[in-house]
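Both ligands and their constituent atoms are indexed starting at 1 by order of listing.
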Amino acid sequence: MILFGSSFSPFARKALVFAGEKGLHVDHRPVPPHDPAPEFQAVSPLGKIPALVDGTYHLADSSAICHYLERKYPTPALFPAGAEELGRMIWFEEFADTVLIPTAGKVFFQIVVRPRLMKEPTDMAVVDQALTKEIPPLLDYLERQVTGPFLIGGKLSLADIAIHCPLVNLKIAGHPLDAARWPKLGAYFAGLVARPAFGVRDPKGG
Ligand SMILES: N[C@@H](CCC(=O)N[C@@H](CS)C(=O)NCC(=O)O)C(=O)O
């Protein structure tokens, strides 16, 4: 299996950690979005990362990849069995993908992507607005949801993997979660990143 996508991308990180927790070996190709390599272009119709190639089969979306891997490699299960728990897992993944990633992504884009990759200056007003106004209510919400090492049913699930990814981006950008302000979330995050499969590192840093 080949997984295209730099782990600077929280979506690529989600797929990489998910595969790692399944015990799967993936040949990781840490390309950026819209990489011109023909083998990447052929499997990512929108040029987005991540993209997975499994033999003659391919997929380009982190959620689709995780669903595919869960069905193809059911053990260890990373989706809960019960209807209510499955619904909550999907909610947390959606919350990560559509709310937390875009918001934390503003900080990451301004502090890491613009200066390092685009050779452009950081817009500190955007960073300050995200850090002081937009992100804290989201972390307050998560702080209320966390009751232990995992969000759902006392077991690791895609919900945990998805939620931790944007928190990694904040850390790489030099704004790690303030564990004094969000202590339950801080302990939860520390427990997750201590797991070997969560130790994904981009070759360019982070
Ligand atoms: N829904 C997609 C989103 C993937 C995505 O937006 N990846 C970003 C990198 S973090 C990307 O490739 N952006 C390039 C673009 O939007 O053109 C997924 O879950 O994989």
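- With respect to the salt-bridge test (charged N to carboxylate O, under 4.0 angstrom), the residues E143 and R181 do not qualify.
- S62 N, 2.7 Å is the protein heavy atom nearest to atom 20 (O) of ligand 1.
- Considering only non-hydrogen protein atoms, atom 2 (C) of ligand 1 sits nearest to D61 OD2, 3.3 Å.
- Geometrically, ligand 1 and K14 share no nitrogen or oxygen pair separated by less than 3.5 Å.
- The protein non-hydrogen atom at the shortest distance from atom 11 (C) of ligand 1 is P33 CG, 3.8 Å.
- Protein heavy atom closest to atom 6 (O) of ligand 1, with residue, atom name and distance, is K48 CD, 3.7 Å.
- When the shell of 6.0 Å around NZ of K171 is examined, it contains 12 or fewer heavy atoms from other residues, nucleotides or ligands.
- The shortest N/O to N/O separation between P10 and ligand 1 does not fall below 3.5 Å.
- Below 4.0 Å from some heavy atom of H34 lie the following atoms of ligand 1, by number and element: 14 (C), 15 (C), 17 (O).
- A ring-centre distance under 6.0 Å is found for F95 and Y141.
- Between F79 and H67, the ring-plane angle classifies as perpendicular under the 30° and 60° cut-offs.
- For F40 and H34, the ring centers sit 6.0 Å or farther from each other.
- Geometrically, ligand 1 and S9 share no nitrogen or oxygen pair separated by less than 3.5 Å.
- Ligand-side atoms of ligand 1 in range of P50: 20 (O), range being under 4.0 angstrom from any heavy atom.
- Ion pairing between K133 and D128 fails under the 4.0 Å rule for side-chain N and carboxylate O.
- Between D97 and K14 there is a salt bridge, since at least one side-chain N of the basic residue sits less than 4.0 Å from a carboxylate O of the acidic one.
- For atom 7 (N) of ligand 1, the nearest non-hydrogen atom of the protein is I49 O, 2.9 Å.
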